[in-house]
K.L.:
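Starting off with a structure, shown below.
Along the sequence shown, the residues carry numbers beginning at 1. Values in this document were obtained by computation on a predicted structure and should not be read as measured data.
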Amino acid sequence: MKNPWQEISLADYESHMKLDSVQQLQAMNAIMKGQFTDFPVKIAMVLGVAGGNGLEHIDKRKYRKVYGVDINREYLAECKKGIARLGIFWNVFGRICWRRIRFCRTQIC
């Protein structure tokens, strides 16, 4: 059985998230800004990076590396395009955004 997040297009996801009645895309962007600016770290990982919402807040002078992880391969492909458009973050974000990361299923008894 496929994960439902592998079936939802990024356009549908982001369109829903930015609706005036939802405003979660805007809220997540503000949260990402705070996360990238408020902590004295040089490496970060964004779980559920989707299309890269909030990555424009990465300060390349502060971060050595930022990893983006998502279950949806299409989201990662769009994230890659977004990083390329942002250009200045290319050296910071590197290539992890579009690498497929496999997770093992485990059962805890």
K.L.:
In the single-linkage hydrophobic clustering (I, L, V, M, F, W, Y; side-chain heavy atoms under 4.5 Å), do Y67 and L47 co-cluster?
P.N.:
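Yes, because Y67 and L47 connect within a single hydrophobic cluster, where side-chain heavy atoms sit under 4.5 Å apart.
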K.L.:
Below 4.5 Å, heavy atoms only, C-beta onward: do T37 and D59 meet side chain to side chain?
P.N.:
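Not touching, per the 4.5 Å side-chain cut-off.
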K.L.:
Taking atom CD as the centre, does E14 end up with more than 12 heavy-atom neighbours from other residues, nucleotides or ligands that are less than 6.0 angstrom away?
P.N.:
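Enclosed.
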K.L.:
Any side-chain heavy-atom pair from I43 and V66 closer than 4.5 angstrom?
P.N.:
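Of all side-chain heavy-atom pairs linking V66 with I43, none is under 4.5 Å.
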K.L.:
Can you name the closest pair of heavy atoms from Q26 and M17 and give their distance?
P.N.:
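That closest heavy-atom pairing would be OE1-O, 3.7 Å.
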K.L.:
Taking all non-hydrogen atoms of both residues, which atom of M32 and which atom of N53 are closest, and how far apart?
P.N.:
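In terms of heavy atoms, the two residues are closest at CG-O, 3.9 Å.
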K.L.:
Might you point out which heavy atoms bring E7 and N72 nearest each other, and give the distance in Å?
P.N.:
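It is N-ND2, 4.5 Å.
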K.L.:
For S15 and D12, test the side chains for any donor-to-acceptor distance below 3.5 angstrom and give the result as yes or no.
P.N.:
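No donor-acceptor contact under 3.5 Å links the two side chains.
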K.L.:
Counting C-beta onward and ignoring hydrogens, is there a side-chain heavy-atom pair between Y63 and V41 closer than 4.5 Å?
P.N.:
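Result yes, sub-4.5 Å side-chain heavy-atom pair found.
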K.L.:
For the atom pair CG (L25) and OH (Y13), what is the distance rounded to the nearest 0.5 Å?
P.N.:
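Answer for the CG-OH pair, L25 versus Y13, is 7.0 Å.
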K.L.:
For atom CD of Q23, decide whether the heavy atoms of other residues, nucleotides or ligands shown that lie under 6.0 angstrom number more than 12.
P.N.:
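Yes, the 6.0 Å shell around CD holds more than 12 heavy atoms from other groups.
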K.L.:
Supply the atom-to-atom distance E78 CD to L76 CG, rounded to the nearest 0.5 angstrom.
P.N.:
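That separation rounds to 10.5 Å.
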K.L.:
Testing the basics here: between A50 and C79, what is the closest heavy-atom pair and its distance to 0.1 Å?
P.N.:
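What the structure gives for the nearest pair is O-CB, 3.6 Å.
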K.L.:
To the nearest 0.5 Å, how far apart are NZ in K62 and CZ in F39?
P.N.:
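These two atoms lie 8.5 Å from each other.
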K.L.:
Using side-chain heavy atoms (C-beta onward) and a distance below 4.5 Å, is E56 in contact with N29?
P.N.:
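In short, these two side chains touch, coming nearer than 4.5 Å.
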K.L.:
With side chains defined as the heavy atoms from C-beta onward, is the minimum distance between V46 and F36 less than 4.5 Å?
P.N.:
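Side chain of V46 against side chain of F36, heavy atoms only: contact under 4.5 Å found.
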K.L.:
Give the cluster check for L10 versus I71: same hydrophobic cluster or not, with ILVMFWY residues linked at side-chain heavy-atom distances below 4.5 Å.
P.N.:
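Yes, one cluster joins them.
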K.L.:
Find the distance between CD (Q35) and CE (M28) and round it off to the nearest 0.5 Å.
P.N.:
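Answer for the CD-CE pair, Q35 versus M28, is 9.0 Å.
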